[in-house]
There are 2 protein chains.
Amino acid sequence: MKTTRKTTAKTAVLEIFVKSKTALSHTEIYKQIEEICDRVTVYRILDRLVNDDIVHKIVDLDGTVKYAKCHHHAQRVHIHNHAHFSCEKCLEITCLENVKPSYIIPHNYKVNDINFTLSGLCPNCSNSNI
Amino acid sequence: MKTTRKTTAKTAVLEIFVKSKTALSHTEIYKQIEEICDRVTVYRILDRLVNDDIVHKIVDLDGTVKYAKCHHHAQRVHIHNHAHFSCEKCLEITCLENVKPSYIIPHNYKVNDINFTLSGLCPNCSNSNI
DNA sequence: AATCAATCGCAACTTTGTTGCAATAATATT
DNA sequence: AATATTATTGCAACAAAGTTGCGATTGATT
């Protein structure tokens, strides 16, 4: 029965996601809207967005938590089984929507969710690298 | 030129890893040896072990950081490209040494390391589940 | 045994995330 | 349009996880 509301802060967060090509951390988001709302509010907005399947949470190899807006492809059930790329140089995380791992696991494991993160150098940084 | 030393604390940590079948967090390790050494020392030992490729670091879907001893298979260069399974019920993380994802990524990305974590129910917990 | 650098303990600090509660504001109801 | 309902917010306080500096200790080397 819980209805979710459209608030100033939530709209601001969503705008940031739309503008950004890469995944963002709580801190990165908060820095952009610290005049609009509190630090805690940003945490709570992110929680809600993840729950409502509007944003997904990504944890990279270092344990850094970031968020990115979901691109729904007219699917009903939405599983984030695509890969993420974490650049060691510019530290940006991007979604590789089309990269999906194939794998075989023992049948007695029941898989509900997967996290597939690659790290290395992104196209930008591997070019500018000498 | 840096030489790495064999100390009481380091030996104790390694013993814990050998005994354990699952990956362990800093806290879990520290609890077992808090009479031997300081909390900070455990952090520093773990850092060193990861650097020396004796232990590898695993981050699960929630961002929980754990460590497990590496099983080297006579490889020179050691990439942790196997999967990890994180159980949602008992919260244990186990290495699935034989599960390796296959994937195709755009050629302009340079991959140095990968993190492939599956989460759901482990064999133990999916059995005892009603 | 003397030396030297790696390691340690301690204290202090930072970063990240959480919780309770009263005040505020978005939506539904009249 | 005014009112009632309840999701959301701000604030303050807290907790967990990890880091840093520095003097003291200890493992390895000669």
Side-chain angles (χ1 to χ4, degrees), chain A residues 1-17 22-68 86 91-93 115 117, chain B residues 1-17 22-68 86 91-93 115 117:
Chain A
M1 289 292 152
K2 260 199 215 165
T3 62
T4 178
R5 292 179 183 177
K6 185 183 176 180
T7 66
T8 322
K10 190 179 166 187
T11 309
V13 170
L14 281 173
E15 263 175 34
I16 292 172
F17 276 124
T22 60
L24 301 166
S25 68
H26 166 268
T27 312
E28 287 164 341
I29 294 163
Y30 176 57
K31 270 183 197 155
Q32 294 191 46
I33 50 168
E34 52 186 340
E35 284 130 36
I36 295 176
C37 71
D38 193 68
R39 206 173 63 88
V40 180
T41 301
V42 175
Y43 275 115
R44 295 201 263 228
I45 288 171
L46 289 172
D47 280 351
R48 261 179 287 145
L49 291 175
V50 169
N51 257 308
D52 297 347
D53 238 6
I54 294 166
V55 151
H56 65 284
K57 188 178 170 178
I58 308 159
V59 179
D60 86 348
L61 289 172
D62 304 323
T64 314
V65 174
K66 300 215 173 182
Y67 301 86
S86 164
L91 301 179
E92 284 190 351
I93 296 182
N115 178 20
T117 310
Chain B
M1 288 293 150
K2 260 199 212 164
T3 63
T4 179
R5 292 180 182 176
K6 185 182 175 180
T7 66
T8 322
K10 189 178 167 188
T11 309
V13 171
L14 281 173
E15 264 174 33
I16 292 173
F17 276 124
T22 59
L24 302 166
S25 68
H26 165 270
T27 313
E28 286 165 340
I29 294 164
Y30 176 57
K31 270 183 198 156
Q32 293 191 48
I33 51 168
E34 52 186 340
E35 283 129 37
I36 295 175
C37 71
D38 193 68
R39 205 173 64 89
V40 180
T41 302
V42 176
Y43 276 115
R44 294 200 263 227
I45 288 171
L46 289 172
D47 281 350
R48 261 178 287 143
L49 290 176
V50 169
N51 257 309
D52 296 348
D53 239 4
I54 294 167
V55 151
H56 64 284
K57 186 178 171 179
I58 308 159
V59 179
D60 85 349
L61 290 172
D62 303 323
T64 315
V65 174
K66 300 215 172 183
Y67 301 86
S86 164
L91 302 179
E92 284 191 349
I93 296 181
N115 178 20
T117 310

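Chain letters run A, B, ... following the sequence lines, proteins first and then strands; every chain starts at 1.
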Between NZ of B/K57 and C1' of D/dA17 the distance, given in whole Å, is 11 Å

The answer to which of B/D47 and B/K6 contacts DNA chain D further toward the 5' end, by nearest nucleotide, is B/D47

For atom CD1 of A/I29 and atom P of C/dT16, their distance in whole Å
13 Å

Atom CD1 of B/I54 and atom CZ of B/F17: how far apart are they, to the nearest 0.5 Å?
10.5 Å

Which angle, rounded to 10°, do you find between the first-five-pair axis and the last-five-pair axis of the helix from C/dA1-D/dT30 to C/dT30-D/dA1?
40°

Side-chain donor or acceptor of B/D60 paired with backbone N/O of B/D62 under 3.5 Å
yes

Gap between atom CG of A/D38 and atom OH of A/Y30 - 0.5 Å precision
5.5 Å

May I ask you to decide if A/Y67's main-chain N or O and A/H26's side chain share a donor-acceptor pair within less than 3.5 Å?
no

Would you kindly give the CG-to-C1' distance between B/L14 and C/dT7, to the nearest whole Å?
15 Å

Approximate separation, where rounding is to 0.5 Å, of A/L24 CG and A/E92 CD:
9.0 Å

Indicate whether any N or O donor in one side chain lies under 3.5 Å from an N or O acceptor in the other, for A/K66 and A/S86.
no

Please determine whether side-chain contact (heavy atoms from CB on, under 4.5 Å) holds for the pair A/T22 and A/I93, giving the CA-CA distance in whole Å, both sets of side-chain angles, and the decisive distance to 0.1 Å.
CA-CA 6 Å; A/T22 60; A/I93 296 182; 5.8 Å; no

Atom-pair distance (OH on B/Y43; C1' on C/dA12), nearest Å
15 Å

Where the side chain of B/R5 is defined as all heavy atoms beyond and including C-beta, which of D/dA7, D/dT26, D/dT8 is the nearest nucleotide?
D/dT26

To the nearest angstrom, the OH-P distance between A/Y30 and D/dT9 comes to 14 Å

Are B/K10 and B/L49 close enough that some pair of their side-chain heavy atoms sits under 4.5 Å apart?
yes

B/T27 side chain: which of D/dA17, D/dT6, C/dT18 is closest?
D/dA17

Between C/dT7 (C1') and B/N51 (CG): distance, integer Å:
15 Å

If you define the side chain from C-beta out and look only at heavy atoms, does anything of A/R48 sit under 4.5 Å from A/I45?
yes

Protein-nucleotide distance (B/D62, atom CG; D/dA17, atom C1'), rounded to Å:
15 Å

Does B/T7 have a side-chain nitrogen or oxygen under 4.0 Å from the phosphate oxygens OP1 or OP2 of C/dA6?
no

Quick one: which protein N/O atoms are closer than 3.5 Å to N/O atoms of nucleotides 10-13 of chain D? Pair and distance per line, please.
unit_1: D/dG10; atom_1: OP1; unit_2: A/I36; atom_2: O; d: 3.4
unit_1: D/dG10; atom_1: OP2; unit_2: A/D38; atom_2: N; d: 2.8
unit_1: D/dG10; atom_1: OP2; unit_2: A/T41; atom_2: OG1; d: 2.4
unit_1: D/dG10; atom_1: N7; unit_2: A/R44; atom_2: NH2; d: 3.0
unit_1: D/dG10; atom_1: O6; unit_2: A/R44; atom_2: NH2; d: 2.7

Give the rounded distance in Å between these two atoms: CD of B/E34 and P of C/dC8.
17 Å

Quick check on DNA chain C: between B/R48 and A/H26, whose nearest nucleotide comes earlier from the 5' end?
B/R48

Using the side-chain heavy atoms of B/T4, tell me which of these nucleotides is nearest: D/dG18, D/dG27, C/dT7.
C/dT7

